[in-house]
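All of these numbers come straight from a predicted model, not from anything done at the bench.
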Amino acid sequence: AQDPKINRLLAIKTIRFSDEFEQDVIQDIKERFFTEAEIAGQLSHPSIVTVYDVGEDGDLTYMAMEFLQGKDLDKFVSKDSLLPIRRVLEVVARVAEALDFAHQTHLIHRDIKPANIMLLDKGGVKVTDFGIAKAISSSRTRTGVILGTPNYMSPEQIMGQKIDPRSDIFSLGVLFYQLLAGELPFRGENLSNLLYQITQVRHPSIREINPRIPKACEQILDKALSKNPEKRFQRAGEIAKLLNLLLSKIDQLHRRPAQGSPQPKA
């Protein structure tokens with residue numbers, strides 16, 4: 001949409017809560033939605049989408065945010081469309097930095113998944129939909145379905161326990177695994193089997209799926225996907241730091257002259 005006041009192109013997200021929720025909980029959800037959206041709107045980070053406005057028009061609730069030109073990560077999670085490994089490390093590092101920034105303001109994303117990460121045409125990365133999942137969590141829907149994406153949920157989220165930033169770290173681990181392997185670390189024939197896998201079963205080794213993946217990536221994934229939050233990274237910034245270090249080492253190797261090739265003179 002075009003903002004007529006400042007002649008700026010915006011993206012507008014809308015939701016009609018009455019389509020999804022029982023009447024007696026709608027007001028409470030709306031209040032939570034606006035509270036979370038207000039917090040999200042105060043986040044100013046190069047890898048977090050900027051929220052300009054939220055409001056209501058009749059029974060339609062809307063959020064106006066910066067218009068992004070690019071593709072979401074859903075396009076890059078199947079085996080035939082994976083990004084180069086170096087690009088994956090870069091993307092996950094940027095997402096980890098965005099999460100670390102948000103977590104310091106006590107905002108947990110709760111719904112990290114490919115559809116909520118945009119790769120911009122100009123090369124940047126943007127995380128979208130901060131805080132929206134909290135507004136609609138733990139409220140009964142008309143159909144009784146789970147809102148959110150169970151594939152990326154942490155064990156404590158699935159079990160209805162109190163969650164903290166380490167839940168986002170688990171979800172980021174699932175996303176990282178999928179971007180590298182082209183498949184999810186936890187899969188089930190049905191919902192109950194999937195939830196059992198996430199809460200009880202260890203993920204398959206990433207290097208058994210693709211031996212080209214650096215050992216360091218496997219170590220990062222194993223820690224991020226720990227069932228016990230105490231054994232995970234305690235801050236998303238730790239993941240960003242390790243990935244940036246790995247990127248630096250990869251770049252150094254690529255710059256190093258091949259053995260036997262002429263060396264430049266001083």
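Annotation: K162, atom NZ; neighbour count of heavy atoms from other residues, nucleotides and ligands within 6.0 Å does not exceed 12. Around the CD atom of Q2, the shell of radius 6.0 Å holds more than 12 heavy atoms that belong to other residues, nucleotides or ligands. By the 6.0 Å contact criterion, NZ on K231 is open, its count of non-hydrogen atoms from other residues, nucleotides or ligands being 12 or less.
The ring-ring contact (aromatic ring centres under 6.0 Å, His included) analysis of residues 40-70, with sequence neighbours excluded, yields the pairs H45-F101.
Two residues are said to be in side-chain contact when any heavy atoms from C-beta on lie closer than 4.5 Å; L242 and Q219 fail this criterion. Between R202 and D222, the closest side-chain pair of non-hydrogen atoms falls below 4.5 Å. Counting heavy atoms from C-beta outward, V88 and F76 have side chains that stay 4.5 Å or more apart. At a threshold of 4.5 Å between non-hydrogen side-chain atoms, the residues C217 and L89 count as touching. A heavy-atom distance below 4.5 Å is not found between the side chains of D53 and M63. The closest side-chain heavy-atom distance from Y152 to D111 is not below 4.5 Å. Using a 4.5 Å heavy-atom cutoff, the side chains of Y177 and L184 are not in contact. Side-chain contact between R166 and E230 is present, with at least one heavy-atom pair separated by less than 4.5 Å.
For P155, the side chain to side chain contact (heavy atoms under 4.5 Å, CB included) criterion is met by M159, F170, I198, T199, K227, R232, not counting sequence neighbours. Take S81 and apply the side chain to side chain donor-acceptor pair (under 3.5 Å) test, not counting sequence neighbours, and it matches S78.
Remark: the H103 side chain and the D164 side chain contain no N/O donor-acceptor pair separated by less than 3.5 Å. In summary, the side chains of N151 and Q178 do not present any donor paired with an acceptor at a separation below 3.5 Å, with no hydrogens or angles considered. In summary, the side chains of S47 and E97 do not present any donor paired with an acceptor at a separation below 3.5 Å, with no hydrogens or angles considered. With 3.5 Å as the limit, one finds no donor-acceptor pair spanning the side chains of S226 and N228.
Side-chain N or O atoms of Q157 include one that pairs as donor or acceptor with a backbone N or O of R110 at under 3.5 Å. Here the side chain of Q234 pairs a donor or acceptor atom with the backbone of P229 at under 3.5 angstrom. D57 contributes no side-chain N or O that, together with a main-chain N or O of L60, makes up a donor-acceptor pair within less than 3.5 Å. Judged by distance alone, with hydrogens and angles left aside, the side-chain atoms of D72 form no donor-acceptor pair with the main-chain N or O of M118 at under 3.5 Å. Using a distance-only test at 3.5 Å, with no hydrogens or angles considered, no donor-acceptor pair links the side chain of K126 to the main chain of L119.
Across all their heavy atoms, I213 and R207 have their closest contact at O-NH1, 2.8 Å. Between F176 and L243, the shortest heavy-atom contact is CZ-CD2, 3.9 Å. The two atoms that bring L172 and A96 nearest to each other are CD2-CB, 3.8 Å, heavy atoms only. A pairwise comparison of heavy atoms in D121 and G70 identifies OD1-CA, 3.2 Å as the closest pair. Considering all non-hydrogen atoms of both residues, G173 and L225 come closest at C-CD2, 3.7 Å. Here the closest heavy-atom approach between residue A236 and residue I169 is recorded as N-CD1, 3.6 Å.
Between the CG atom of L180 and the CG atom of L82 there is a distance of 8.0 Å, given to the nearest 0.5 Å. Between the CD1 atom in I108 and the NE2 atom in H106 there is a gap of 10.0 Å [rounded to 0.5 Å]. Rounded to the nearest 0.5 angstrom, L246 CG and I220 CD1 are separated by 6.0 Å. The OG atom of S167 lies 11.5 Å from the NE2 atom of H109; values are rounded to the nearest 0.5 Å. Within the model, atoms CD1 of I112 and CG of L99 stand 4.5 Å from one another, a figure rounded to the nearest 0.5 Å. In this structure, the separation between OG1 on T128 and CD1 on I48 is 11.0 Å, given to the nearest 0.5 Å.
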**Request:** Kindly determine whether L195 and L191 satisfy side-chain contact (heavy atoms from CB on, under 4.5 Å), including the steps that lead there.
**Result:** CA-CA 6 Å; L195 302 186; L191 182 61; 4.1 Å; yes

**Verdict with reasoning, R187 to Q197, per side-chain contact (heavy atoms from CB on, under 4.5 Å)** = CA-CA 7 Å; R187 291 176 290 172; Q197 294 281 327; over 6 Å; no

**Request:** For the pair D251 and R86, evaluate side-chain contact (heavy atoms from CB on, under 4.5 Å) and give the outcome as yes or no after the intermediate values.
**Result:** CA-CA 9 Å; D251 291 343; R86 193 200 179 285; 2.8 Å; yes

**Request:** Might you work through the side-chain contact (heavy atoms from CB on, under 4.5 Å) test for Q104 and D100, ending with a clear yes or no?
**Result:** CA-CA 6 Å; Q104 288 177 60; D100 193 58; 3.1 Å; yes

**Request:** With salt bridge (charged side-chain N to carboxylate O under 4.0 Å, His left out) as the test, would you mind laying out the steps for E90 and R87 before giving the verdict?
**Result:** CA-CA 5 Å; E90 199 173 51; R87 181 62 173 143; 2.8 Å; yes

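Residues I85 and I250 share a single hydrophobic cluster, defined by chaining ILVMFWY side chains whose heavy atoms lie under 4.5 Å apart. Linking Ile, Leu, Val, Met, Phe, Trp and Tyr residues whenever their side-chain heavy atoms come within less than 4.5 Å places V95 and L247 in a single cluster. By the criterion of side-chain heavy atoms lying less than 4.5 angstrom apart, applied directly or through intervening Ile, Leu, Val, Met, Phe, Trp or Tyr residues, L120 is grouped together with M65 in one hydrophobic cluster. Under a hydrophobic clustering in which Ile, Leu, Val, Met, Phe, Trp and Tyr are joined whenever their side-chain heavy atoms come within less than 4.5 Å, directly or via other members, L10 and V51 fall into different clusters.
With respect to the salt-bridge test (charged N to carboxylate O, under 4.0 angstrom), the residues R8 and E66 do not qualify. E218 and K215 are joined by a salt bridge, as a carboxylate oxygen and a charged side-chain nitrogen come within less than 4.0 angstrom of each other.
Considering D129, V125, V92, D74 as possible partners of I117, the one that fulfils the side chain to side chain contact (heavy atoms under 4.5 Å, CB included) test is V125.
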